[in-house]
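For reference, the structure is listed below as structure tokens.
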Amino acid sequence: MAEKKYVYSFKEGHAAHLGKDILGGKGMGLCEMTAAGVNIPAGFTITTEACTLYYDAGKMIPDYVWNDIVAHVHEVEKEDNKEFGGTGNPLLVSVRSGARQSMPGMMDTILNLGLNDITVAALAKVTGNERFAYDSYRRFILMFTNIAKGHPRTEMDKMLDDLKKSNGYKLDTQVTTEQLKGLVAKYKEFYKNIFHEDFPTDPYAQLKEAVSAVFRSWDNPRANVYRQMNGIPYEWGTAVNVQTMVFGNMGEDSGTGVAFSRNPSTGEKQIYAEFLPNAQGEDVVAGVRTPLHIDELQKRMPDVYRQFIETIKRMENYFHDMQDMEYTVEKGRLYFLQTRNGKRTARAALKIACDLVDEGLIDEREACLRVEPKQLNDLLHPTFDPIDEKKHTPVLKGLPASPGAGTGHLVFTAEEAKAEKDAGRKIVLCRAETSPEDIIGMVNAEAIITARGGMTSHAAVVARSMGKCCVAGCTEAIIDETKKTMIIGGKTYTEDDIVSVDGNTGEVFEGSINMVPADLGGDFGRMMEWADKYRRLKIRANCNTPTDAENAAKFGAEGIGLCRTERMFFAEDRILNMRSMILSDTTEQREAALERLRPYQVDDFYHMYMSCPDYLVCIRLLDPPLHEFLPDIHEDDKIEKIAETLKVSSQKVRDRINQLHQANPMMGFRGVRLCVAYPEIYRMQATAIIQAALKASKDLGHDVEPEIMIPLTGELKEFKYAKNVVIEAVEGEMKKENHVLKYHVGTMIEIPRGALQAGNIAKEAEFFSFGTNDLTQLTMGFSRDDAGQFLPYYYDKKIYEFDPFQTVDQEGVGELVKIAFQRGRATRPNLLVGVCGETGGDTASIEFYDKVGLDYVSCSPFRVPLARLAAAQANIIHEREKGKK
Ligand code: ADP
Ligand code: MG
Ligand code: MG
């Protein structure tokens with residue numbers, strides 16, 4: 001069997017059609033630049049597959065891979081006419097890590113590898129610069145010790161500092177050659193003391209150790225944290241690049257810098273670059289010296305500058321995207337060392353994609369793929385004026401739970417938030433954590449801060465759905481809602497203080513910062529048009545209030561995929577009737593209380609219809625367990641108050657609270673189960689829905705088509721029971737009004753039995769909507785509120801790698817989605833199928849739902865643009881895949 005190839009020279013890479021997956025981002029850039037005829041130092045890439053092999057072999061580089069590495073070193077020697085470890089013209093290399101995506105936390109680059117006591121003398125001789133040779137040697141020993149062997153660099157840095165101090169030097173450049181030689185000896189002695197062996201003199205031993213260190217760094221804690229945060233699978237592995245060293249620090253005709261082919265902040269078509277004369281890349285990154293404007297290169301070396309501009313243009317035409325490059329000039333000769341598609345702000349991303357289409361470099365489909373859907377969020381909300389924000393330093397940092405920005409006085413309770421807002425003041429709601437009762441406060445706040453809770457905490461989810469700026473999980477803040485204080489590092493903030501909250505970064509500032517409004521014009525609008533042209537999935541929004549619905553329409557939703565009715569019951573005047581319903585002893589009493597609630601519901605639903613995009617509203621009947629509408633058993637004040645207003649004994653309220661207490665409400669008396677026990681609740685809601693729809697139809701002059709959704713179904717007979725309750729109410733009402741509307745009754749699929757029974761349930765259900773939040777909880781067997789306690793251990797041990805509540809778990813939950821979809825459609829070919837859980841607004845999940853073949857996804861209004869673009873990307877990619885087959 002021919003052995004698989006694990007090492008490719010930069011010249012071979014392009015023709016082998018391997019891509020980033022195998023070569024890593026940096027390796028692919030180097031191979032492609034070679035193919036594009038850009039001048040780069042010779043070298044080769046050891047593939048990501050070799051990394052996997054390294055781990056499989058028990059952290060060893062297998063001999064046949066090593067032999068191939070050595071063979072490639074020989075090739076480089078030939079090409080450069082140098083010798084690795086040679087005494088004439090010694091070859092020095094850099095060893096650079098490079099995963100598929102650039103990843104901070106991975107091993108840093110080692111420069112000048114190949115130096116030892118013999119080659120350093122040779123280097124001094126060929127360059128005619130002994131000082132340079134020993135400085136390179138010193139740096140190499142330091143980097144090898146620190147980066148390859150993982151020993152902190154502090155002591156070695158101190159040796160240099162002490163040397164400078166004792167001689168009264170200010171700059172590294174003042175250190176003499178003899179002193180550098182002394183330092184090299186000291187470094188080596190230090191190395192021996194720590195590792196109980198001599199510093200490796202054999203360049204091949206150095207190389208083997210450095211390559212292994214890159215592979216090992218794939219599994220270090222920093223890299224693991226970054227991977228988990230950014231959804232990069234562990235299996236990917238990293239590639240390693242070995243490349244001939246070039247030196248930007250060989251005098252005034254040398255230098256180094258970085259360049260962007262267009263402006264990464266604004267997207268403007270104009271090269272954006274810096275130049276640092278007589279320096280190595282390291283010096284720039286370490287911030288030791290400040291680079292100059294690129295004009296400096298033009299002044300000093302006009303020929304090199306011309307070549308520089310020409311090469312950058314060539315690269316853009318080759319890669320068809322904005323490039324972020326590193327370059328070095330060695331004695332008047334220009335080399336490029338790295339290129340990648342440059343990171344950019346959301347605004348720049350849109351402008352560049354649109355410009356590239358206009359320049360004929362890419363088509364509209366490709367343009368859709370060039371913008372990260374998540375980035376669009378940054379553009380939908382007013383933001384702080386970046387210049388003013390720079391003048392402030394954050395006092396607190398939490399999780400950027402919901403984007404946007406807000407400034408106002410601190411308040412600590414929902415009631416105060418409302419009162420202050422009514423009085424015309426801007427406020428920031430500050431809570432230890434939030435619960436459904438805080439919603440009224442959140443509605444009235446400019447921004448929300450919580451001390452506890454993660455990205456899917458109540459505050460985060462609700463704030464995102466409202467498009468409110470929210471920073472959650474500010475663990476450094478002590479928030480006391482009774483004392484109305486927030487303590488950060490010993491400083492106490494009260495209601496007299498104004499703070500500014502940046503939901504894009506998770507930062508909180510003292511004082512107020514100026515705002516700039518959101519801009520949905522120009523390039524944004526153009527990109528959205530393209531997205532709509534190329535997507536197959538429809539996009540709806542989850543909306544609980546008419547304001548949500550207006551936002552949804554503004555952002556281009558094609559209907560409401562989920563309108564939760566319970567949120568409508570929490571307002572003060574309504575919760576009373578809700579409580580009275582719950583405290584009823586007889587069906588008659590319950591019906592009377594419900595009857596008092598009905599007009600509110602009719603009014604709410606009517607307004608939903610009138611403000612909804614395309615007048616398509618899917619309303620879900622009551623879902624939460626009833627105890628959520630009553631206070632906790634220990635809240636004596638609240639209990640007394642309820643008893644008083646409803647004219648019942650407080651004991652009765654207590655009894656009912658105790659009676660409603662459930663060991664596990666998530667799997668308790670809720671959803672359709674409420675209907676099976678108390679059909680009058682759904683009867684009232686169905687009546688209200690149809691009354692609202694009839695009124696809206698009349699006022700609009702055309703019929704709306706209500707969708708009524710029953711939550712938590714697991715069984716056909718159960719669904720049928722609830723459906724009959726709904727139908728009776730609806731039909732009765734339509735008869736009364738003498739106006740027949742087309743309407744649909746369907747269900748959420750959110751318990752595994754419901755998914756498995758989908759073929760049966762679809763006999764009666766006209767549509768399915770996957771509630772992936774509950775479906776995930778019940779499939780994985782863990783609750784969303786508790787998963788935060790143990791998931792980090794799973795991430796750590798790579799058992800689960802991502803939060804399944806944000807990105808659908810394709811193998812488990814996703815499998816149930818597929819099964820339910822297929823079985824449902826087999827029974828009812830025109831069954832409408834969508835998703836209304838959190839994952840409906842997640843890029844990777846949308847890709848999956850498109851592949852499965854669902855009709856739509858529904859997400860919070862502010863995620864609608866993201867979803868439109870993500871759906872377009874999914875469809876474009878899937879069509880390309882099909883085309884290839
Ligand atoms: P990073 O991914 O952190 O940018 P790099 O591998 O690009 O790491 O290297 C860090 C620095 O070393 C950069 O400034 C780069 O230009 C420089 N460098 C890397 N390889 C070489 C080389 N062969 N010759 C000269 N400089 C190099
Ligand atoms: Mg780099
Ligand atoms: Mg649910």
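Small disclaimer: the values here were computed from a predicted structure and weren't measured. Counting convention: from 1, in listed order, for ligands and their atoms alike. For the numbers below, each heavy atom of this structure counts, side chains included, while hydrogens, waters and symmetry mates do not.
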statement: atom 25 (C) of ligand 1: of Val246, Thr256, Ile110, the nearest heavy atom sits on Val246
task: Would you mind finding which of Thr109, Leu30, Leu111 brings a heavy atom closest to atom 18 (N) of ligand 1?
output: Leu111
- prompt: Is there a heavy atom in Lys26 that sits closer than 4.0 Å to ligand 1?
  reply: yes
- prompt: Using the ring of each side chain (for Trp, its six-membered ring), is Phe195 parallel, tilted or perpendicular to His151, with breaks at 30° and 60°?
  reply: perpendicular
- request: Could you list which atoms of ligand 1 come closer than 4.0 Å to a heavy atom of Gln338?
  value: 4 (O), 7 (O)
- prompt: Is the distance from the Mg ion (ligand 2) to the nearest N/O/S atom of Thr109 under 2.8 Å?
  reply: no
query: Is a salt bridge present between Glu75 and Lys11, judged by a nitrogen-to-oxygen distance below 4.0 Å?
result: no
message: Tell me whether Lys59 forms a cation-pi arrangement with Tyr54, defined as NZ or CZ under 6.0 Å from the six-membered ring centre and within 45 degrees of its axis.
response: no
field: Residues which pass side chain to side chain donor-acceptor pair (under 3.5 Å) with Gln307, listed by chain and number, not counting sequence neighbours
entry: none
Metal-centred angle, OE1 of Gln338 through the Mg ion (ligand 2) to OE2 of Glu326, rounded to 10 degrees: 100°
query: Has Thr328 got any heavy atom lying under 4.0 angstrom from an atom of ligand 1?
result: no
- prompt: Is it the side chain (CB and beyond), the backbone, both or neither of Leu337 that lies under 4.0 Å from ligand 1, heavy atoms counted?
  reply: side chain
- request: Before signing off on this row, confirm whether Gln280 and ligand 1 have an N or O atom pair separated by under 3.5 Å.
  value: no
Below 3.5 Å, can you tabulate the donor-acceptor pairs from side chains in residues 202-211 to any protein atom, sequence neighbours excluded?
| unit_1 | atom_1 | unit_2 | atom_2 | d |
| --- | --- | --- | --- | --- |
| Asp202 | OD1 | Tyr204 | N | 3.0 |
| Gln206 | OE1 | Gly114 | N | 3.0 |
| Gln206 | NE2 | Leu115 | O | 3.0 |
| Gln206 | NE2 | Pro200 | O | 2.9 |
| Glu209 | OE2 | Arg216 | NH2 | 3.1 |

field: Glu252/Lys299 ion pair, N-O < 4.0 Å
entry: no
- request: Report yes or no: is the cationic atom of Lys797 (NZ for Lys, CZ for Arg) closer than 6.0 Å to the six-membered ring centre of Tyr795, at no more than 45° off its axis?
  value: no
